[in-house]
Amino acid sequence: MSVAEELVARSNRLGGDPRTTNYAGGNTSAKGSATDPVTGSDVELLWVKGSGGDLGTLTEKNLAVLRLDRLRALVDVYPGVEREDEMVAAFDYCLHGKGGAAPSIDTAMHALVDAAHVDHLHPDSGIAFATAADGEKLTAEVFGDTVVWVPWRRPGFQLGLDIAAIKAANPQAIGCILGGHGITAWGDTSAEAEERSLHIVRTAEEYIAAQTGPHPFGEVVNAALPDEERRARAAALAPVIRGLASTDKPQVGHYTDSEVVLDFVSREALGRLAELGTSCPDHFLRTKVKPLVVDLPSDAPVEEVVGRLKELHALYRADYQGYYDRNATPDSPAIRGADPAIVLVPGVGMFSFGKDKQTARVAGEFYVNAINVMRGAEAISTYVPIDEAEKFRIEYWALEEAKLARMPKPKPLATRVALVTGAGSGIGRAIAERLAAEGACVVIADLNLDGASEVAASLGGPDVAIAVQADVTSEDDIARLIAETALAFGGVDLVVNNAGLSISKPLLDTTVKDWDLQHDVMARGSFLVAREAARAMIAQDMGGDIVYIASKNSLFAGPNNIAYSATKADQAHQVRLLAAELGVHGIRVNGVNPDGVVRGSGIFAGGWGAQRAATYGVPEEELGAYYAQRTLLKKEVLPEHVAAAVFALTGPDLVQTTGLHVPVDSGVAAAFLR
């Protein structure tokens, strides 16, 4: 096994255990030799996890490979701690070969420590020691002289020099605890470094677990609500909280009601500890310096909680602005927004926010790490994170700002939460696929859960799409559908009323059952979905889009089609009525009028195609071509054409448009709107 392969394997094992390090946290390295293709002689190299990688999923392409001699030569030109950020750019001049990841800020630690293998990790137990008021004393008590305490220092070149000097002065040491931050361990072999890392982590865990006495967070003062009541309350609050957290810029939400979170928000120490904020840089860069905490009992009326949330949000924003003003210097980046990333609600749980679902979910995971750290630190001592000024130096670090600037431009529908009914197949599936491709989180709603689940999985799983079984004719199902959407992504921004069916019969053969079924699914179903979605959108106060997939038949009077065409005309007028009513809330309502979507259509495959082919006297397999030939453009309409119209109506270009019906029929003059 090569040096790089061995490093990747070790990294994956360490990163795959959440007790050992948090997602994307920490870094590992290995030193070895390789042949320089230019000189043909051996050269000493450092393989180290690059910037932005995750140990659990690390591959060789996520490693930075650098010349060790050039890295160590940087010591001679190091201008001092006040200018240490300049050293990051110098790492690029130490790279070996092509490709690989960009070197991270921690590269110096790995290069300068005189050990073949180095692990820097962020275990909850290690950070508990690192944030304990008497962490240095406890480190010596628990580990003796085998693990050395390193006072807090911001990650960078100087920290690498400090740890290198500590190892040189303590040849018996296997690693160190970095005050306020995490742990670092080293070894002559990969196995030895891994063994030492795990020894530090497990020893700290065991020491914390052995402490007895009162609960570190105090008594329970706000017990968690029962499961069903808790989730119902979370679903009601989620759109409100998401709207508040999106005051500066839209966010996607994530809800967590794990045992760890529910216990923390139930305890008397919640307010005190939450106010102290997190400590490890990986944590507060994603969670902000502290969360917003609702200071009401678990059973307070929802309306009272909503009112208090709005008051607390205003206070939070003022407090964050004060934090920025107290610590900013003339060359600090501009404030990035004053909304909370974490909101804690006693009895209910935690809401976390980010630019996409993964970022929101990971922010919540990091706050769970922070809870574990606080519990551990309080069990063995008193939790004391790094001070506010140091947090600010990292949050508004020029290097962090540069990293943010390098991120790719968001897709047009990024941060938007879309709900598509009838999305398990046909036109609905095509719409869901297009919205997801444009950056939206998508809820795949369908009567057929298996089909909906397959679509959701194909789009990338729960960070992109979820499947919800729903009968659009059922008020209870639609209320549950909107609740599941809010719990999954924080709320809803974009709804597509696509669920439908059709039965083609002459008037005299059309039964009341035929009439009621089509009106129930399309007219009643669209009304129910629009009503519940609008309720959530209004609570969010972020505007929104509702799109009806109506039909050319809402305008065109064709034969043997009374029930279907009448219900499509109902849907078409719902567009106009709701556009007039919901505009005051910034909610736009538009429609799409397709025609002749044969290929890929669930309706046509379910018997409608055979019925329409019989009506027009053509073979069913030629129906699409028949429809195309009667149009002005002579081209067949496909599901993706309807999806493109939905994106056009909900994307960034038609933001002033509401009450519009867009024909997607290749040109049917009899269905012109004017």
Side-chain angles (χ1 to χ4, degrees), residues 411-414 416-446 448 451-460 464-465 467 493-502 522 526 545-554 568 571 575 590-606 608-609 612 620-654 657 660-668 671:
K411 293 182 178 180
L413 297 182
R416 303 206 76 195
V417 179
L419 164 61
V420 185
T421 65
S425 63
I427 292 173
R429 177 173 188 152
I431 293 169
E433 290 172 342
R434 179 62 186 270
L435 297 180
E438 301 292 350
C441 299
V442 187
V443 176
I444 312 298
D446 204 283
N448 177 1
S453 298
E454 189 275 319
V455 174
S458 74
L459 294 179
V464 178
D493 306 301
L494 193 167
V495 169
V496 182
N497 272 316
N498 169 75
L501 77 160
S502 186
M522 291 177 283
S526 295
D545 282 285
I546 300 175
V547 178
Y548 281 65
I549 306 303
S551 170
K552 172 265 299 181
N553 289 291
S554 66
K568 285 299 178 182
Q571 284 186 306
V575 168
N590 293 291
V592 178
N593 289 343
D595 183 47
V597 185
V598 178
R599 279 193 281 165
S601 167
I603 287 180
F604 276 90
W608 172 253
R612 300 316 291 167
E620 185 178 356
E621 63 273 15
E622 296 178 15
L623 185 60
Y626 169 81
Y627 281 140
Q629 286 307 307
R630 72 183 189 181
T631 69
L632 300 175
L633 300 177
K634 311 298 183 188
K635 292 184 178 180
E636 189 172 354
V637 180
L638 302 175
E640 51 263 39
H641 298 141
V642 182
V646 172
F647 172 63
L649 287 169
T650 58
D653 295 332
L654 296 179
T657 298
L660 174 68
H661 278 281
V662 176
V664 183
D665 57 12
S666 282
V668 177

List the steps and the verdict of side chain to side chain contact (heavy atoms under 4.5 Å, CB included) for R429 and E454.
-> CA-CA 10 Å; R429 177 173 188 152; E454 189 275 319; 2.7 Å; yes
Can you find a heavy atom in the side chain of I549 that is under 4.5 Å from one in the side chain of V496?
-> yes
Close side-chain approach of S554 to H661, heavy-atom, < 4.5 Å | no
Compare every heavy atom of T631 with every heavy atom of A628, then report the nearest pair and how far apart it is.
-> O-OG1, 2.7 Å
Indicate yes or no: at least one non-hydrogen side-chain atom of I427 is less than 4.5 angstrom from one of N498.
-> yes
With a 4.5 Å heavy-atom cut-off, do I546 and N497 have their side chains touching?
-> yes
Minimum-distance pair of heavy atoms, taken over all atoms of A440 and A418 | CB-CB, 4.4 Å
Which value, rounded to the nearest 0.5 Å, describes the distance between M522 atom CE and S502 atom OG?
-> 6.0 Å
Heavy-atom side-chain contact between L413 and L435 under 4.5 Å = yes
Closest heavy-atom pair and its distance - N593, A550 | OD1-CB, 3.2 Å
Output for pair (L654 CG, N590 CG), nearest 0.5 Å, gives 8.0 Å
State, yes or no, whether a side-chain contact exists between R434 and V646 at a heavy-atom distance under 4.5 Å.
-> no
If you take all heavy atoms of V662 and L649, which pair is closest and at what distance?
-> CG2-CD2, 3.8 Å
Side chains of V547 and I431 in contact at under 4.5 Å (non-hydrogen atoms) = no
Test item: R416 and T650 side chains (from C-beta on) under 4.5 Å apart, heavy atoms = yes
Quick one: do R630 and D595 satisfy side chain to side chain contact (heavy atoms under 4.5 Å, CB included)? Show the steps, please.
-> CA-CA 11 Å; R630 72 183 189 181; D595 183 47; 3.1 Å; yes
Which atom of I444 lies closest to which atom of A465, heavy atoms considered = CG1-CB, 4.4 Å
About how many Å separate CG of L459 and SG of C441, when rounded to the nearest 0.5 Å?
-> 11.0 Å
Counting heavy atoms not belonging to K635, are there more than 12 under 6.0 Å from its NZ?
-> no
In short, A423 meets A432 closest at the heavy-atom pair CB-CB, 4.4 Å
